[in-house]
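Heads up: numbering here begins at 1 and tracks the sequence. Read the numbers this way: they start at 1 and go in the same order the structure lists the ligands and their atoms.
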Amino acid sequence: MMPTRTRQWLSHRMNSHLDWPASRALALKGDTTISVVLPAKDEQETVGSIVTAIRESLVERVPLVDEVVVIDSRSTDNTAKVAARAGATVHAQDDILPDLPGLWGKGEALWKSLAVTSGDVVVFVDSDIRNFGPHFVTGLVGPLLADPDLAYVKGCYSRPLRQEDSFNPFDGGRVTELLARPLLNMCWPDLSGFVQPLAGEYAGRRTALEEVPFVCGYGVEFALLVDLADLVGVDRMAQTDLGCREHSHQSTAALGRMSGQILDTAWSRMHRHGIVTSEHPPSSGITQFVQTADGYESLDWEVRVSERPPMSRVLGGRGAAPRPRQPLR
Ligand SMILES: O=c1ccn([C@@H]2O[C@H](COP(=O)(O)OP(=O)(O)O)[C@@H](O)[C@H]2O)c(=O)[nH]1
Ligand SMILES: O=C(O)[C@@H](COP(=O)(O)O)O[C@H]1O[C@H](CO)[C@@H](O)[C@H](O)[C@H]1O
């Protein structure tokens with residue numbers, strides 16, 4: 001159950017995107033630089049419109065955003081071309097810090113983005129959003145521009161579940177409701193006020209983001225919440241209601257594998273926090289089953305997650321990335 005202190009946190013750390021029109025964010029920008037990062041794996045259908053919306057509204061019309069960067073995460077489609085054509089700076093995930101062995105996953109893309117961006121504030125936006133609007137960015141950066149003590153702002157929204165033959169206005173966020181929310185409530189009750197703990201839209205100060213590890217797979221959001229709360233304290237974290245988010249949905253089986261990665265991530269944090277003491281980590285894999293004409297076929301999947309160290313330890317010896325490239329305008 002949400003502790004009283006978390007209810008108090010929720011009452012003063014919940015924003016609405018309606019509070020943060022681009023004009024107000026611009027008035028607060030000063031010399032704070034802002035990078036928007038989109039991790040993208042096979043998102044040719046949607047990445048272009050998101051980049052275009054950001055470029056036209058928040059670079060050209062209102063000069064709030066200094067760079068829009070797409071990290072092409074081993075896509076097999078035309079994601080990179082579509083993103084570049086829309087005006088983004090595109091980096092292939094494996095071209096970044098090439099002297100390190102490349103790893104799979106969303107968190108790898110997000111971690112590597114820190115090495116090729118320079119914004120004082122970094123905004124992460126998924127590339128599969130189907131109803132993106134510039135308010136996703138202004139609602140996240142506004143509170144950070146207004147309050148220098150704030151380190152991190154997480155988006156929250158209603159999450160419809162639109163599938164081939166069905167639509168439900170509330171059933172999205174399946175891993176959130178079935179795994180992440182129970183885990184956080186039971187083991188990290190101070191984080192139980194985050195409405196969408198796995199939301200892929202969030203913004204943070206580089207000075208904080210470069211001081212925490214990045215889990216390379218789908219555990220990245222879960223780990224960032226726990227690790228940033230350890231680093232800066234929940235009261236330097238906030239959230240903004242961004243309205244509604246519709247995105248491309250994966251299959252239940254795919255979310256089962258995602259859940260395995262998040263559970264592995266959570267176990268590692270429970271171990272660091274002394275919630276579990278066993279020195280034997282959980283199994284690194286899961287077996288799923290598909291029905292066949294002859295019965296069931298078993299499929300084994302690896303869900304053990306890799307983790308990158310805080311970027312400050314890597315860039316420390318390399319020097320920070322150059323200041324944002326020439327704005328897109
Ligand atoms: O290895 C990966 C997996 C995902 N993504 C991106 O991360 C975001 C969220 O991933 P996904 O849509 O697969 O997760 P879901 O929203 O279904 O939970 C999307 O922009 C993906 O393109 C990525 O960059 N690399
Ligand atoms: O929130 C969730 O349960 C999952 C799956 O959402 P849906 O059930 O497909 O709406 O989506 C999120 O989880 C991923 C892992 O943290 C994030 O990377 C995604 O950005 C986020 O959409």
Side-chain angles (χ1 to χ4, degrees), residues 36-51 69-80 82-83 88 90-94 96 102-113 123-132 136 140 154-164 166-184 194-202 214-226 242 244-266 303 305-306:
V36 177
V37 170
L38 294 90
K41 179 171 177 45
D42 298 331
E43 304 293 6
Q44 66 180 9
E45 300 304 320
T46 45
V47 69
S49 56
I50 298 171
V51 170
V69 174
V70 169
I71 305 295
D72 178 13
S73 187
R74 300 181 172 177
S75 297
T76 58
D77 66 3
N78 289 318
T79 291
V82 170
V90 182
H91 295 273
Q93 175 177 305
D94 292 319
I96 304 170
L103 298 174
W104 281 94
K106 179 186 182 183
E108 174 80 347
L110 299 182
W111 181 76
K112 287 195 166 177
S113 76
V123 189
F124 295 112
V125 173
D126 281 357
S127 307
D128 66 336
I129 300 172
R130 297 184 175 281
N131 66 330
F132 177 84
F136 276 62
L140 295 172
K154 185 89 175 174
C156 63
Y157 24 61
S158 63
R159 299 186 66 173
L161 181 61
R162 186 184 300 278
Q163 294 179 301
E164 278 171 26
S166 66
F167 175 82
N168 181 295
F170 308 110
D171 276 3
R174 291 162 289 174
V175 177
T176 294
E177 300 307 334
L178 295 173
L179 178 68
R181 194 181 312 286
L183 263 174
L184 289 170
F194 283 97
V195 176
Q196 290 296 345
L198 300 186
E201 290 66 45
Y202 41 99
F214 273 61
V215 164
C216 297
Y218 281 119
V220 61
E221 276 84 22
F222 191 96
L224 281 175
L225 269 192
V226 172
L242 301 175
C244 172
R245 184 188 84 162
E246 289 203 49
H247 68 120
S248 312
H249 300 290
Q250 299 187 66
S251 67
T252 304
L255 296 189
R257 298 189 286 274
M258 174 191 287
S259 298
Q261 292 184 32
I262 293 171
L263 200 47
D264 189 68
T265 302
V303 294
V305 293
S306 304

- Message: Any donor-acceptor pair under 3.5 Å linking the side-chain atoms of S248 with those of R130?
- Response: yes

- Task: May I ask you to check whether D72 and T79 show a side-chain donor-acceptor distance below 3.5 Å?
- Result: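 Checked: D72/T79 side chains show no N/O donor-acceptor pair below 3.5 Å.
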
For ligand 1, which part of [X] has a heavy atom less than 4.0 Å away: the side chain, the backbone, both, or neither?
X	result
Y218	side chain
E108	neither
K106	both
H249	neither
S73	side chain

- Item | M258: numbered ligand 1 atoms lying under 4.0 Å from its heavy atoms | 14 (O), 18 (O)

- Message: Would G173 count as being in polar contact with ligand 2, using the rule that some N or O on each side must be under 3.5 angstrom apart?
- Response: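 N/O-N/O distance under 3.5 Å: yes.
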
For [X], take its heavy atoms, then give the atoms of ligand 2 lying under 4.0 Å from any of them.
X	answer
D126	19 (C), 20 (O), 22 (O)
R245	21 (C), 22 (O)
E221	15 (C), 16 (O), 17 (C), 18 (O)
G200	20 (O)
M258	13 (O), 14 (C), 15 (C)

- Query: Can you name the closest pair of heavy atoms from V90 and A80 and give their distance?
  - Reply: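 Closest approach of V90 to A80: CG2-O, 3.8 Å.
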
Backbone N/O of [Y] and side chain of [X]: donor-acceptor pair under 3.5 Å:
X	Y	value
Q196	G155	no
S73	K41	no
S259	V175	no

- Which one of Q250, K106, R159, H249 has a non-hydrogen atom at the shortest distance from atom 4 (C) of ligand 2? R159

- Heavy-atom proximity to atom 2 (C) of ligand 2 ranks first, among T176, L178, T265, for T176

Please report which non-hydrogen protein atom sits nearest to [atom], along with the residue it belongs to and the distance in Å to one decimal place.
atom	result
atom 19 (C) of ligand 1	E43 OE2, 3.5 Å
atom 15 (P) of ligand 1	Q250 NE2, 3.6 Å
atom 6 (C) of ligand 1	P39 O, 3.6 Å

- Task: Flag the pair F167 / L161 as yes when at least one side-chain heavy-atom distance between them is below 4.5 Å, and no otherwise.
- Result: no

- Item | Within reach of ligand 2, part of L255 (heavy-atom separation under 4.0 Å) |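 Contact part for L255 vs ligand 2: side chain (C-beta onward).
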
- Item | N-O pairing of E221 and K106 below 4.0 Å | yes

